[in-house]
Structures are given as structure tokens and as C-alpha cells.
Participant: 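One structure, as C-alpha cells, below. Some questions next.
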Amino acid sequence: MRVLYGGVAAYVQEHQAWPKIPKVQKKSDGGIQSGAAQETATKWIAALKPYGVGEYTWRCPSVERDMRKHGKPDALKTPRLDYTPTLFEGGALAPYQWTTHPWFIERGSAHGKGPLIILADGTVVTVEDLMRLTGK
């Protein structure tokens with residue numbers, strides 16, 4: 001997860017902005033368009049690849065293990081993000097405005113205490129830890 005943080009921090013420094021990856025488009029019935037998640041994953045992977053963040057950096061080993069265990073081999077073959085990026089507007093300092101603002105949130109709860117979260121200072125915490133940090 002720290003490689004992911006380092007890659008996006010380098011991207012922000014070079015481009016003076018958070019990566020501008022379009023949101024997944026929703027269908028009129030509220031569902032997600034077929035292939036939209038893979039398209040978004042492919043764009044994020046491509047944006048951070050020059051900064052040392054390869055496709056497998058986006059994958060949580062615990063999620064991979066669970067997918068194998070539950071027989072979901074197709075999900076292992078397609079581009080996917082196990083860490084969902086937060087969206088930021090504004091200049092290079094916007095992602096750093098609050099130290100406890102998540103940059104990436106792990107999909108699911110493969111670690112037992114809620115999803116892992118990468119914060120603006122590079123710290124990796126659980127939801128439980130974040131609540132403690134923010135006094136909630």
C-alpha cells in the first residue's frame with residue numbers, strides 16, 4: 001500500500017493535481033455500465049504506472065486469497081482496484097489539506113477490522129483506527 005501512496009504522491013508533485021480519472025458512469029436504472037469498473041481500473045493503473053505503481057500494487061493479497069478460495073477466477077484475470085481512490089478537486093495541495101482524509105479505501109474488509117485506508121500522510125489504518133484518530 002505504501003507503493004501506491006508513493007506513486008500518487010509523486011504524480012501529484014509532478015502534475016500539481018490529483019489524477020483526473022473519470023467516474024464510473026451509471027445506467028439510468030442506477031446500475032453500473034458493463035465493463036465500467038475495469039475501464040476505470042485500467043485508467044488508474046496507466047496513470048500511476050510511470051511512478052512505479054504496477055497493476056498488482058492495486059491488488060490486496062488477502063482479497064486475492066479470498067477470491068481463489070471462493071472460486072472467482074475471472075475476477076483475478078481482469079484489471080481491478082482493491083483500493084478505491086478518493087476524488088479531489090483543486091490544486092496540488094488539495095489532497096494534503098487534512099491529514100486524516102483518506103486517499104485510498106480498500107474494498108471490503110479482508111482484514112477483520114474494516115477496510116484498510118491510506119491517509120494523506122501515508123499512514124495505513126483501519127476504519128476502527130481512523131475513528132480513534134478523529135475522536136469519533
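Just so it is clear, the model here is predicted, and its values are computed rather than measured. Side-chain atoms are counted along with the backbone in the values below, which use heavy atoms only and exclude waters and symmetry mates.
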Participant: Testing the basics here: between I45 and P79, what is the closest heavy-atom pair and its distance to 0.1 Å?
Facilitator: CD1-CB, 4.1 Å
Participant: How about V53 and V8: do any of their side-chain heavy atoms sit closer than 4.5 Å?
Facilitator: no
Participant: What's the shortest heavy-atom distance between Y51 and H15, and which atoms?
Facilitator: OH-NE2, 2.9 Å
Participant: Would the Y83 and W44 ring centres measure less than 6.0 Å apart?
Facilitator: no
Participant: Do I118 and T123 have side chains that get closer than 4.5 Å, going by heavy atoms?
Facilitator: no
Participant: Please tell me if the side chains of L48 and L4 come closer than 4.5 Å, counting only heavy atoms from C-beta onward.
Facilitator: yes
Participant: Tell me, do P115 and F104 make a side-chain contact under 4.5 Å, heavy atoms counted?
Facilitator: no
Participant: Can you tell me how far the CZ atom of R132 sits from the CG atom of L130, to the nearest 0.5 Å?
Facilitator: 10.0 Å
Participant: How about Q16: does its CD atom have over 12 heavy atoms from other parts shown lying under 6.0 Å from it?
Facilitator: yes
Participant: Would you say that L119 contacts V125 through its side chain, given a criterion of any heavy-atom pair below 4.5 Å between the two side chains?
Facilitator: yes
Participant: Contact between V124 and Y5 at the side-chain level, heavy atoms closer than 4.5 Å - yes or no?
Facilitator: no
Participant: Check residues 62-71 and write down every donor-acceptor pair under 3.5 Å in which the side-chain atom is one partner and the other belongs to a residue at least two apart or another chain.
Facilitator:
residue, atom, partner, partner atom, Å
E64, OE2, R59, NH1, 3.2
E64, OE2, R80, NH1, 3.0
E64, OE2, R80, NH2, 2.6
H70, ND1, D66, O, 2.8

Participant: K49: what forms a side chain to side chain donor-acceptor pair (under 3.5 Å) with it, not counting sequence neighbours?
Facilitator: none
Participant: Determine the minimum heavy-atom distance between P102 and I117, stating which atoms define it.
Facilitator: CB-CG2, 3.5 Å
Participant: Report the distance from atom OG1 of T100 to atom CG of D129, rounding to the nearest 0.5 Å.
Facilitator: 12.5 Å
Participant: Excluding sequence neighbours, so at least two apart, what forms side-chain contact (heavy atoms from CB on, under 4.5 Å) with T84?
Facilitator: R107
Participant: Is there a side-chain contact between H101 and T86, using heavy atoms and a 4.5 Å cut-off?
Facilitator: yes
Participant: What heavy-atom pair brings A47 and I21 nearest, and what distance separates the two atoms?
Facilitator: CB-CD1, 4.1 Å
Participant: If you compare all heavy atoms of P95 against all heavy atoms of A120, which two are closest, and at what distance to 0.1 Å?
Facilitator: O-CB, 3.4 Å
Participant: In this structure, would W98 and I105 fall into the same cluster of hydrophobic residues linked by side-chain contacts under 4.5 Å?
Facilitator: no
Participant: Check the orientation of W18 and F88. Use parallel for under 30°, tilted for 30 to 60°, and perpendicular for over 60°.
Facilitator: perpendicular
Participant: Within this structure, what is the CG-CH2 distance for the pair D121 and W103, rounded to the nearest 0.5 Å?
Facilitator: 9.0 Å
